[in-house]
Amino acid sequence: MIITKNLQKSFGHQQVLRGIDQHIEKGEKVVVIGPSGSGKSTFLRCLNLLEEPTGGEIIFEGVTLTDPKTDINKIRQRMGMVFQQFNLFPMKTVRQNITLAPVLLKKMSQEEADAKAEDLLKRIGLPDKADAYPGMLSGGQQQRIAIARALAMDPDVMLFDEPTSALDPEMVGEVLEIMKELAEDGMTMVVVTHEMGFAREVGSRILFIDEGIVAEENTPYEFFNNPKNQRLQDFLSKVL
Amino acid sequence: MELLKSIGQSFYNAWVPERRYLAYLSGLRMTLLISLFAVIIGIAIGIILAIIRVSSKHSSNPLLSVLNAFAKVYITVIRGTPMIVQIMIIYNLIFTSPNTNPIVVGAVCCGINSGAYVSEIIRAGIESIPIGQMEAGRSLGLTYSMTMRTIILPQAIKNILPALGNEFIVLVKETSVISVIAVNDLMKMAGYVGSRTWDVIPPYVIAAAIYLIMTLGLSALMGFFERKMGKGDRK
């Protein structure tokens, strides 16, 4: 579904990604972990071109994203993204946050989008918050709504950029719960996270990114019980 | 008592005889007209410059970078030189014909000056919105301009409005400088009255009071709009 070939990204002279080759299949839940500054968020943000790669290729369902002729806006409609800082639109109600893009992009009428928003809010357990403004909600609630906003576009894949890192500890669980349900429904997911429990339980494959390359990748069981890379062993001994 | 009486007499002389209050009124009318048109010109220039400055950051279009360089020079020169000098240059450069309309001269001079400040206010307002808002919009598949229109600008306007209000208040006061090129604005008319009565303080105090009333009125108006904009999304 998503293929990266020798994906590279530099900020000025600083090379953050030094050639990443990945093949993410439909239905896979790829969890990306790594120390801060390793390039894991940059890798994720390259997948929908929020960061412009400086080398290599990204192919999404047969379309080369790195080709300047590709209409990235069309592609992004099929790739949902959830951010660390939620990034809800503060001057819009929860319902407007969810329906804005589908209606503006003429994917649905306002009525259809409203109905869809209602379904999504039920699904994330916040059916009574449709008319609230994001500022009135807790971090966990905001992040769940951010997930619903991304889902409203019916994406083929969901990208999560440290979705629980900005949350108070007691709110992490509710967001991970939604993500687990999403995984069970068969959504293709790429998740950058520090939640090792989530990685172990939900991930179908785990990548350890360190200094701009995938230093190790494996199934959760092998990854946590039998790490081969020295840096990964060090990393796991610190976080587990 | 004597002193108060003589002060009262001076102000009486500066206001009533020969229907001098009409002089202030015509000056006030001129000042208001110049301010109004200068605000319109200033906003027009300011929006155009701000669009150039903000959008050139996200594009490598060569025409846009030329325009951006021009905008930067314009803003630097206008903000870095006194308005009275700008007026002298613009007046003698462009409006050399003896029968040019003074309102046009004043509005163009003040508008060109104000445009530079307005563009920076708008640009700062847009750039004060966290980058995550643009990213969130783009990640949903919205184009740059859709995101700008529906997400960034509605938030930016709330930051822009108070600063813009201040800029207009400054502009109304600054139009008084236009009197140096023989435009009969409020300031100039106060000077005329002073030259008739041989007592310059009272007419200038009257002019000051009129300016103050205008700026207070504008402040109140801006406060009203701000409260209106703030409704609905108090957190």
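In this text the structure is predicted, and so the values were computed from the model without any measurement. By convention in this document, chain letters (A, B, ...) are assigned in the order of the sequence lines, proteins followed by strands, and residues within each chain are numbered from 1.
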For side-chain contact (heavy atoms from CB on, under 4.5 Å), just list the numbers for Arg53(B) and Glu120(B), CA-CA rounded to whole Å, side-chain angles, deciding distance to a tenth of an Å, and then say yes or no. CA-CA 9 Å; Arg53(B) 299 276 283 129; Glu120(B) 287 295 273; 4.1 Å; yes
Chain B heavy atoms under 4.5 Å from Met79(A): which part of the residue, side chain, backbone, both or neither? backbone
Looking only at heavy atoms and a cut-off of under 4.5 Å, which of Arg149(A), Arg78(A), Gln84(A) has the most pairs with chain B?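 Maximum pair count with chain B is reached by Arg149(A).
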Residues Arg123(A), Glu181(A); criterion salt bridge (Lys or Arg N to Asp or Glu O under 4.0 Å); working and verdict: CA-CA 9 Å; Arg123(A) 192 164 152 195; Glu181(A) 283 167 23; 5.7 Å; no
So, the side chain of Thr164(A) versus the backbone of Val172(A): is there a donor-acceptor pair under 3.5 Å, distance only?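 Such a contact is absent between Thr164(A) side chain and Val172(A) backbone.
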Pairs of heavy atoms under 4.5 Å with chain B: top-ranked of Asn73(A), Asn87(A), Leu49(A): Asn73(A)
Segment of Thr147(B) engaging chain A (4.5 angstrom heavy-atom cut-off): neither
Which of the residues Leu104(A), Asn48(A), Leu88(A) is involved in the greatest number of heavy-atom pairs with chain B at under 4.5 angstrom?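 Result: the option with the highest number of such pairs is Leu104(A).
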Using non-hydrogen atoms only, which part of Phe89(A) is less than 4.5 Å away from chain B: side chain, backbone, both, or neither? both
Set out, in order, the CA-CA distance, both residues' side-chain angles and the distance that settles side-chain contact (heavy atoms from CB on, under 4.5 Å) for Glu57(A) and Thr64(A), then state yes or no. CA-CA 7 Å; Glu57(A) 277 190 339; Thr64(A) 308; 4.3 Å; yes
Take Phe11(A) and Glu51(A), measure what side-chain contact (heavy atoms from CB on, under 4.5 Å) needs, and give me the verdict at the end. CA-CA 10 Å; Phe11(A) 294 102; Glu51(A) 301 289 354; 3.6 Å; yes
Contacting moiety of Lys74(A), where chain B heavy atoms sit under 4.5 Å: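 It is neither, since no heavy atom gets under 4.5 Å.
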Treating Ser65(B) as the side-chain partner and Asn61(B) as the backbone partner, does any N or O pair qualify as donor plus acceptor under 3.5 Å? yes
